[in-house]
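Each remark here refers to the structure printed beneath this line.
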Amino acid sequence: MARRRQIYEGKAKVLFEGPEPGTVVQYFKDDATAFNNQKKGTITGKGVINNRISEYLMTRLGDIGIPTHFVRRLNMREQLVREVEIVPVEVVIRNIVAGSMAKRFGMEEGTELPRSIVEFCYKSDELNDPLITEEHITAFGWAAPQELDEIVAMSLRINDFLCGLFLGIGLKLVDFKLEFGRLWENEQVRIVLADEISPDSCRLWDVKTNEKLDKDRFRRDLGGVEEAYQEVARRLGILPESGPRDMPGPETMQ
Ligand code: TMP
């Protein structure tokens, strides 16, 4: 079988040329890194689960009118997406203090924020994704002011929707990271949600126990990493327990 041309290899995904112009295949690996590649490992089955979770969340977001790059899942580890020019900014939305924010301000993890906070990082492994402001983004031309307004508005809508979705399955969306891209369509450019949304890019805590069900289990050597990813998929109703055709809807918590 002819091998597709590889476009890019990242830490958790490989991008291949898609079957038609303007499309890309995202292949989800089991590789996991943390602290900008200083910690490396494998989370068995992560690629398969993240492919499913990201498909599910992007589809649900598409249903409420958020434009995304997602086209369709192709197989266990691959999904077809529209080719976009990635805006070199990571958008982090926080609802509860955790991770780098807890460290930066000497705050206790788990403190509820008075309102959701949007942060930006410049996407650069060499520079360790430094925290930036909107001023840097527009002054350095990483995004135009109007694009940035759209990115922030979309991020807050995504946050509202995902908070509700996860709460319905007994999970708190503590924080998460989004990436956006420019999609060219008949001479027009628009901003769409890109990359992935998965337990690699979100912090998800059980509402009752505060148990961490995300990549922090890997970052902090908490054990039960594979099980945590599986549990998120199971609660979303996308981890079939009795065969691949058995796909129940999300489990609703009372
Ligand atoms: P942080 O607390 O380490 O800044 O992470 C905030 C959120 O962003 C957390 O849900 C994990 C996610 N994240 C990524 O997806 N990629 C990254 O490179 C980093 C640093 C964080």
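Computed from a predicted model, the values in this text were never measured in an experiment.
Both V225 and L171 belong to a common hydrophobic cluster when Ile, Leu, Val, Met, Phe, Trp and Tyr are linked at side-chain heavy-atom distances under 4.5 angstrom. There is a path of hydrophobic side-chain contacts, each under 4.5 Å, that joins V25 to V14. Hydrophobic clustering (side-chain heavy atoms under 4.5 Å, transitive across Ile, Leu, Val, Met, Phe, Trp, Tyr) groups I151 together with I197. V92 and L162 fall into different hydrophobic clusters, where Ile, Leu, Val, Met, Phe, Trp and Tyr residues are linked whenever their side-chain heavy atoms come under 4.5 Å apart, directly or through other members. Hydrophobic cluster membership is shared by M58 and V91, with clusters built from Ile, Leu, Val, Met, Phe, Trp and Tyr side chains linked at under 4.5 angstrom.
The closest side-chain heavy-atom distance from R220 to K212 is below 4.5 Å. Inter-residue side-chain proximity for R60 and L57 is flagged as unmet; no heavy-atom pair is nearer than 4.5 Å. Contact check for L173 versus L204: side-chain heavy atoms found under the 4.5 Å cut-off. Between F70 and S54 the shortest side-chain heavy-atom distance does not fall below 4.5 Å. Under the 4.5 Å side-chain criterion, counting only non-hydrogen atoms from C-beta, V87 is in contact with R182. For the pair P67 and M154, the minimum side-chain heavy-atom distance is below 4.5 Å. Looking at heavy atoms from C-beta onward, L213 lies out of side-chain contact with P199 at the 4.5 angstrom threshold. Looking only at side-chain heavy atoms (C-beta outward), E179 and E90 come within less than 4.5 Å of each other.
The hydrophobic cluster containing F28, built from Ile/Leu/Val/Met/Phe/Trp/Tyr side-chain heavy atoms closer than 4.5 Å, comprises no other residue. Taking Ile, Leu, Val, Met, Phe, Trp and Tyr as hydrophobic and joining them when side-chain heavy atoms fall under 4.5 Å apart, one finds L113 in a cluster with V97, M101, F105, M107, I117. The hydrophobic cluster containing L183 also includes V84, I86, V192, under a criterion of side-chain heavy atoms closer than 4.5 Å among ILVMFWY residues, counted directly or through chains of members. The hydrophobic cluster around M76 extends to V48, counting ILVMFWY residues whose side-chain heavy atoms fall within less than 4.5 Å of a member.
Under a 3.5 Å cut-off, the side chain of E109 and the backbone N or O of G99 do form a donor-acceptor pair. Between the side chain of R217 and the backbone N or O of A228, no donor-acceptor pair lies under 3.5 Å. Here the side chain of D200 pairs no donor or acceptor atom with the backbone of K215 at under 3.5 angstrom.
Under the side-chain hydrogen bond (donor to acceptor under 3.5 Å, both in side chains) criterion, D160 pairs with no residue, sequence neighbours left out. With sequence neighbours excluded, the residues satisfying ring pair (Phe, Tyr, Trp, His ring centres under 6.0 Å) with W142 are Y122, F140. Evaluation of the side-chain hydrogen bond (donor to acceptor under 3.5 Å, both in side chains) rule for E211 yields no partner, not counting sequence neighbours. By the side-chain contact (heavy atoms from CB on, under 4.5 Å) test, N210 pairs with K172, W205, sequence neighbours left out. Scored by the side-chain hydrogen bond (donor to acceptor under 3.5 Å, both in side chains) test, E134 finds no partners at all (sequence neighbours excluded). Take K13 and apply the side-chain hydrogen bond (donor to acceptor under 3.5 Å, both in side chains) test, not counting sequence neighbours, and it matches D195, E196.
Note that CG of N128 is 9.5 Å distant from SG of C121, once rounded to the nearest 0.5 Å. We find the CG-CD distance between N50 and Q79 to be 10.0 Å, quoted to the nearest 0.5 Å. Annotation: the span from R72 atom CZ to L74 atom CG amounts to 6.0 Å, rounded to 0.5 Å. To the nearest 0.5 Å, atom CD of residue E185 and atom CD of residue Q188 are 8.5 Å apart. Going from atom CG of L178 over to atom OG of S201 covers 7.5 Å, rounded to the nearest 0.5 Å. Taking CD1 of I66 as the start and CZ of F161 as the end, the distance is 9.0 Å to the nearest 0.5 Å.
A salt bridge does not link D214 with R203: every distance from a Lys NZ or Arg NE/NH1/NH2 to an Asp or Glu carboxylate oxygen is 4.0 Å or more.
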Requested in this report: Evaluate the criterion side-chain contact (heavy atoms from CB on, under 4.5 Å) for residue pair E119 and D175; output intermediate values, then yes/no.
Outcome: CA-CA 11 Å; E119 293 177 344; D175 56 32; over 6 Å; no
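Other residues, nucleotides and ligands contribute over 12 non-hydrogen atoms within 6.0 Å of the NZ atom of K11.
For the side chain to side chain donor-acceptor pair (under 3.5 Å) with E78, the qualifying choice from R4, Q26, R73 is R4, the only one to do so.
Checking Y56 against R52 by side-chain atom types alone, no donor-acceptor pair falls below 3.5 Å. Using modelled atom types, one finds no donor on one side chain facing an acceptor on the other under 3.5 Å when comparing D129 with N36. With hydrogens and angles left out, the side-chain atoms of S100 and R94 include a donor and acceptor closer than 3.5 Å.
Here side-chain hydrogen bond (donor to acceptor under 3.5 Å, both in side chains) pairs that include residues 14-24, with residues two or more places apart or in two chains, are R5-E17. Contacts classified as salt bridge (Lys or Arg N to Asp or Glu O under 4.0 Å) and involving residues 28-39 (residues at least two apart or in different chains) are given here: E9-K29, K29-D31, D30-R77, K39-D221.
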